[in-house]
Amino acid sequence: MEINEKLLKPYDPTNTEKRIYELWEKSGFFNPDNLPDERKDAFTIIMPPPNVTGVLHMGHALMITLEDIMIRYKRMSGFKTLWLPGTDHAAIATQSKVEKEIQKKEGLSRHDLGREEMLSRVRTFAQESHDTIVSQVKIMGASCDWSREAFTLDEKRNLAVNTIFKKMYDDGLIYRGNRIVNWDPKGQTTISDDEIVYQERMSKMYTFKYSKDFPIAISTTRPETKVGDVAVAVHPEDIRYKEFVGKEYDLEFCGVPIHIKIIADSAVEKDFGTGALGVTPAHSMTDWEIADRHNLLRPQVINEYAKMSVGGENLLGKKVTEAREIVAAWLREQNLLEKEEDVKQNIGTAERTGGIIEPLPKLQWFIDVNKPIPERENKTLKDLMREPFENSEIQIIPDYFSKTYFHWIENLRDWCISRQIWYGHRIPVWYKNEEIFVGIEKPDGDDWKQDEDTLDTWFSSGLWSFSTLGWPEKTKDLETYHPTDVLETGYEILFFWVARMVLMTKYALNEIPFKKVFLHGTVRDGQGRKMSKSLGNGIDPLDIAEKFGADAGRMALVVGTAPGTDSKVSEDKIKGYKNFANKIWNITRFVLDNVSEDNFENEVENELTKEFKKIIEDITADMENYRFHLASEKIYHFIWHRFADELIEESKEIIKAGGEKAEERKNTLVSIWKDCLKVLHPFMPFVTEEIWSILPIKDRNLLIIEKWPFDHAQDKPQ
RNA sequence: GCGCGAUUAGCUCAGUGGUAGAGCGACCCCUUGACGUGGGGUAGGCCGGGGGUUCAAUCCCCUCAUCGCGCACCA
């Protein structure tokens with residue numbers, strides 16, 4: 001057969017991939033509305049929206065690869081496939097990134113710029129970042145429906161956010177309260193428990209008495225907070241202290257008058273330190289809860305800038321770290337210090353700014369996770385998050401992650417959703433004198449002033465599975481594609497995101513958001529280190545696509561990477577799959593070189609095609625069961641080491657000898673090779689599509705909509 | 001402290017209740033018209049230790065050790 005000129009040179013992914021992607025986009029097949037035939041069953045994945053904080057990294061590349069594999073496989077299997085892409089405004093992450101840049105380049109803070117100017121700067125940055133991300137997603141070969149693209153902060157999503165906020169407020173699930181929160185003094189905002197990163201540091205533990213006359217010694221690593229103490233708590237069964245419980249003392253501690261009551265509370269560990277806990281309600285989560293139980297005062301002694309807000313000249317206005325030294329020195333001087341020891345301590349820092357978290361009481365908005373919801377059979381939001389996993393409506397892959405999930409739910413506290421930043425969904429609450437209005441839009445009349453705060457970015461992310469489909473409107477999309485089939489994401493955001501999507505979706509629609517959660521691990525460098533800017537060991541997916549082709553990068557990411565486990569990627573590994581792309585290029589050349597167009601028309605069945613059918617059956621089972629790491633390896637292995645190394649090698653003799661056997665062999669090669677390309681297509685879409693376009697097939701479709709070569713509808717209804 | 005995972009060839013990792021697998025690397029051979037981005041071959045593993053269940057365990061159970069991760073935190 002006459003050979004296509006392209007095949008005479010080695011495979012060139014760089015030029016091919018771009019052209020092929022345009023071909024797919026033009027075909028319209030990314031959009032399920034345009035798919036041929038009657039397709040009844042939908043298969044839906046909503047893409048976890050990358051943050052508009054910069055560019056894509058290998059983790060995104062893995063996510064896109066896995067989702068694209070699922071979507072392409074299902075599209076070829078006759079499903080009405082929707083893969084809906086989008087991006088996340090990532091409120092605090094994006095704003096703090098832009099703030100840092102402005103600070104660095106212009107020496108200005110956001111307050112120097114003002115709310116409107118700052119927001120406009122952030123929006124510009126977000127737009128640029130968005131454009132970059134979209135082009136990168138395309139380079140990876142993602143067959144997602146761009147006509148339905150969404151953004152967590154666009155108008156439609158804002159309507160969804162405000163609608164559900166109002167609903168939760170009306171149901172009493174959202175409340176405004178003065179409670180202790182995690183305050184980030186550096187970012188000047190609250191953050192949720194999940195945005196805290198604990199760092200181990202050495203610090204000093206001081207054991208001392210408030211005064212000479214006080215009967216009990218206490219231990220602390222934060223003596224400066226002790227000017228805010230209102231009680232000393234001991235365990236109810238601690239005989240050492242029983243006689244003191246109930247007594248009250250008026251003292252002066254480092255120049256500040258304090259009133260201490262001795263109380264018994266079982267939250268206190270008898271064996272820790274002196275077994276007595278100085279209770280500082282305003283600056284410790286545990287102590288706040290103790291104060292709740294014992295009805296204690298909660299004097300605040302530290303302000304939003306992590307400086308002392310009480311005391312005389314010696315303390316007032318001092319940073320907490322300075323105040324710590326001052327109080328310690330005072331204790332030594334007064335001879336009150338009994339012990340001073342070095343201890344390891346986990347210190348909470350803000351994920352985005354690195355600021356040391358200062359627990360403070362603040363007036364904020366919260367979601368109550370323990371309140372019964374009448375229209376949900378009096379279940380709590382916690383219940384709604386837990387149940388779909390308990391009764392297997394939602395399955396996590398790999399399933400051992402469900403244990404981690406349950407563990408997290410158990411420890412869940414009310415979710416603080418208000419943030420003192422500007423970029424994000426503004427809280428849909430308006431105030432006028434003593435009045436408060438919660439609604440989807442600004443109320444009529446003048447003088448209404450909207451709440452200054454914005455919502456935690458995970459609030460809008462939690463709606464993602466249905467806000468993207470048009471909710472609160474009753475759309476056709478919502479009816480067709482919800483609940484979605486798979487949520488594919490990294491295990492590190494199981495709590496941040498997965499749990500919150502379940503919460504929001506169960507609450508808003510009384511449906512699960514997805515049937516399966518497929519978790520992937522972290523992509524590490526060849527030595528197993530996390531890729532990071534500071535280490536400079538990051539691999540840029542774009543460089544990879546440029547150098548080796550996106551197909552090669554995709555294979556390197558997915559072969560052998562079991563769900564939920566971390567993987568290592570090196571350029572060597574990727575290079576191997578570039579070679580593989582070239583291999584199948586040359587296999588095609590051999591096949592076309594040795595067969596005629598007639599061989600493409602002939603049906604054939606023999607031992608070899610039967611053997612191959614078994615392989616496809618096996619691979620299909622892997623695809624159905626989300627074992628893409630095995631499926632990809634199997635087709636790779638078959639093509640290279642069975643088809644090329646053995647079948648082609650022995651074909652040389654057979655074809656040379658000629659006759660009937662030669663013809664049958666040619667038919668066999670063509671038949672198997674066509675199906676190899678189909679099976680490989682979800683993994684290496686570009687090179688397979690390119691080769692498909694070269695094969696002499698009559699009435700050819702694009703490979704993207706060719707039928708998967710195994711009819712599992714009869715064998716394995718999934 | 002509680003929980004989860006890992007421990008398999010030199011390296012990176014799959015995998016299965018029935019005499020151990022891949023990729024890369026190493027060594028030897030092949031400069032044969034699809035491809036040297038190639039082909040053929042060789043070496044190399046008491047499948048972390050100990051115990052148990054079983055006719056049979058790398059796989060299931062218990063336990064220990066080491067590493068990693070998550071959560072909670074001790075004030």
Side-chain angles (χ1 to χ4, degrees), chain A residues 3 7-11 193-194 196 198 203 205-207 218-223 225-226 229 232-234 265 267-280 283-287 290 343-348 398-413 491-492 494-495 521-522 524-528 530 548 552 555-556 559-562 564-594 627 629-630 632-634 636-637 640-641 644-646 648-649 651-653 656 669:
Chain A
I3 292 295
L7 284 172
L8 298 176
K9 283 180 268 176
Y11 177 61
D193 292 346
D194 305 294
I196 298 177
Y198 289 95
S203 56
M205 168 100 82
Y206 303 91
T207 301
I218 58 166
S219 298
T220 185
T221 52
R222 298 200 59 187
T225 64
K226 299 289 109 181
D229 279 14
V232 164
V234 298
D265 193 289
V268 181
E269 293 276 344
K270 269 191 290 190
D271 302 327
F272 185 83
T274 61
L277 164 67
V279 181
T280 323
H283 301 288
S284 153
M285 296 283 172
T286 323
D287 296 8
I290 292 175
V343 291
K344 264 190 215 161
Q345 203 192 7
N346 277 332
I347 187 156
D399 63 354
Y400 56 75
F401 272 102
S402 29
K403 286 182 190 162
T404 319
Y405 181 88
F406 292 134
H407 192 247
W408 177 81
I409 302 259
E410 291 316 310
N411 292 308
L412 190 62
R413 282 187 283 220
Y491 62 71
E492 72 277 5
L494 187 60
F495 314 133
T522 308
R524 298 166 179 277
D525 73 1
Q527 278 116 64
K530 269 196 174 173
F548 305 104
M555 281 296 272
V559 174
T561 304
T565 60
D566 293 354
S567 58
K568 292 177 188 154
V569 170
S570 60
E571 288 213 352
D572 272 352
K573 191 171 178 187
I574 301 163
K575 200 174 148 202
Y577 292 105
K578 183 188 170 167
N579 296 349
F580 179 55
N582 194 53
K583 184 79 183 177
I584 66 177
W585 193 249
N586 286 305
I587 290 170
T588 305
R589 188 198 303 174
F590 176 88
V591 172
L592 293 184
D593 230 353
N594 285 281
R627 298 185 296 244
H629 61 300
L630 297 184
S632 51
E633 190 177 340
K634 281 172 189 165
Y636 168 87
H637 197 256
W640 200 316
H641 300 298
D645 291 349
E646 295 173 0
I648 284 188
E649 286 309 318
S651 297
K652 289 175 183 171
E653 289 299 311
K656 210 168 156 188
L669 286 179

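Computed from a predicted model, the values in this text were never measured in an experiment. Residue numbers start from 1 in every chain, and the chains themselves are labelled A, B, ... in the order their sequence lines are given, proteins ahead of strands.
Contact check, A:Trp585 against B:U37: no side-chain N or O comes under 4.0 Å of OP1 or OP2. Contact annotation: A:Lys652 reaches the phosphate of B:A34 (side-chain N/O to OP1 or OP2, under 4.0 Å). Taking side-chain N and O atoms only, A:His629 has a distance below 4.0 Å to OP1 or OP2 of B:G15. In this structure, A:His637 does not reach the B:G21 phosphate: none of its side-chain N or O atoms is under 4.0 Å from OP1 or OP2. The shortest distance between the side-chain N/O atoms of A:Asn594 and the OP1/OP2 oxygens of B:A34 is not below 4.0 Å. For the pair A:Thr565 and B:A14, the criterion of a side-chain N or O lying under 4.0 Å from OP1 or OP2 is met.
One distance of note links OG of A:Ser402 with CG of A:Leu494; it measures 9.0 Å at 0.5 Å rounding. Between the CG atom in A:Leu630 and the OG1 atom in A:Thr561 there is a gap of 10.5 Å [rounded to 0.5 Å]. Separation of atoms CE (A:Met205) and NZ (A:Lys344) is listed at 13.5 Å; rounding is to 0.5 Å. Between A:Asn579 atom CG and A:Tyr11 atom OH the span is 13.5 Å, to the nearest 0.5 Å. Atoms CG and CG, from A:Leu592 and A:Leu7 in turn, are 6.0 Å apart once rounded to the nearest 0.5 Å. Atoms CG and OH, on A:Asp572 and A:Tyr577 in that order, are 12.0 Å from each other to the nearest 0.5 Å.
Comparing B:A20 with B:G48, their P atoms are spaced 14 Å from each other, to the whole Å. The gap from the C1' atom of B:A14 to that of B:G49 amounts to 24 Å, rounded to the nearest Å. Rounded to whole Å, the P atom of B:C47 lies 13 Å from the corresponding atom of B:G10. A distance of about 15 Å separates the C1' atoms of B:G17 and B:G52, rounded to the whole Å. Annotation: B:A26 and B:U37 have their P atoms spaced 15 Å apart (nearest Å). Comparing B:C13 with B:C55, their C1' atoms sit 33 Å apart, to the nearest whole Å. When the P atom is used for both B:A9 and B:C59, the distance is 15 Å, rounded to whole Å. When the C1' atom is used for both B:C28 and B:G33, the distance is 26 Å, rounded to whole Å.
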Would you please test A:Asp265 and A:Val279 for side-chain contact (heavy atoms from CB on, under 4.5 Å) and show each step? CA-CA 11 Å; A:Asp265 193 289; A:Val279 181; over 6 Å; no

Would A:Leu277 and A:Asp287 satisfy side-chain contact (heavy atoms from CB on, under 4.5 Å), going step by step from the backbone distance to the final call? CA-CA 9 Å; A:Leu277 164 67; A:Asp287 296 8; 3.9 Å; yes

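Other residues, nucleotides and ligands place more than 12 heavy atoms under 6.0 Å from the NZ atom of A:Lys270.
Residue A:Asp645 is classed as a sugar-phosphate contact, given heavy-atom separations below 4.0 Å to backbone atoms only. At a threshold of 4.0 angstrom between heavy atoms, the contacts of A:Ala233 with the nucleic acid are absent. Across all strands shown, A:Val591 has no heavy atoms under 4.0 Å from either base or sugar-phosphate atoms. Heavy atoms of A:Glu269 sit under 4.0 angstrom from at least one base atom. Among the atoms of the strands shown, only primed sugar atoms or phosphate atoms (P, OP1, OP2) are found under 4.0 Å from some heavy atom of A:Thr221. A:Gly273 comes within 4.0 angstrom of nothing in the nucleic acid, heavy atoms only. In this structure, A:His641 reaches the sugar-phosphate backbone alone: every heavy-atom distance under 4.0 Å involves primed, P, OP1 or OP2 atoms, never a base. Contacts of A:Ser284 with the nucleic acid, taken as non-hydrogen atoms under 4.0 Å apart, are absent. Residue A:Pro398 is out of contact with every strand shown, counting any heavy-atom pair closer than 4.0 Å.
Across all strands shown, the partner of B:G70 is B:C2, judged by Watson-Crick or G-U wobble contacts whose two distances both fall under 3.5 Å. Pairing for B:G18 goes to B:C55, judged as Watson-Crick or G-U wobble with the two contacts each under 3.5 Å. Pairing for B:C47 is absent, judged as Watson-Crick or G-U wobble with the two contacts each under 3.5 Å.
Taking atom NZ of A:Lys575 as the reference point, atom P of B:G23 lies 17 Å away to the nearest angstrom. To the nearest angstrom, C1' of B:C35 lies 13 Å from CZ of A:Phe580. What separates CG of A:Leu630 from C1' of B:G21 is a distance of 12 Å, to the nearest Å. B:A34 atom P lies 14 Å from atom CG of A:Leu7, rounded to whole Å. Put simply, CG on A:Asn586 is 7 Å from P on B:G36, counting in whole angstrom units. Rounded to whole Å, atom P of B:U37 lies 15 Å from atom OH of A:Tyr636. Distance CE (A:Met555) to P (B:C24): 12 Å, rounded to an integer number of Å. Rounded to whole angstrom, the span from the NZ atom of A:Lys573 across to the C1' atom of B:G23 amounts to 8 Å.
Below 30°, between 30° and 60°, or above 60°: for A:Tyr491 and A:Phe401 the angle between ring planes is below 30°, a parallel geometry.
Here the closest non-hydrogen pair linking A:Lys573 and A:Lys568 is NZ-O, 3.8 Å.
Checking A:Val343 against A:Tyr577, the closest nucleotide of RNA chain B that is more toward the 5' end is the one next to A:Tyr577. Each of A:Ile587 and A:Thr280 lies near RNA chain B, and the nucleotide nearest A:Ile587 is the one positioned closer to the 5' end.
Residue A:Asn582 places its side chain closer to B:C35 than to any other of B:C35, B:A22, B:G39.
With hydrogens and angles ignored, a donor-acceptor pair closer than 3.5 Å exists between the side chain of A:Glu649 and the base of B:A34. Evaluation of atom-type donor-acceptor distances gives a pair under 3.5 Å for the side chain of A:Lys583 against the base of B:C35.
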Protein-nucleic acid N or O pairs under 3.5 Å, nucleotides 65-71 of chain B:
residue, atom, partner, partner atom, Å
B:C71, O2', A:Asn411, ND2, 3.3

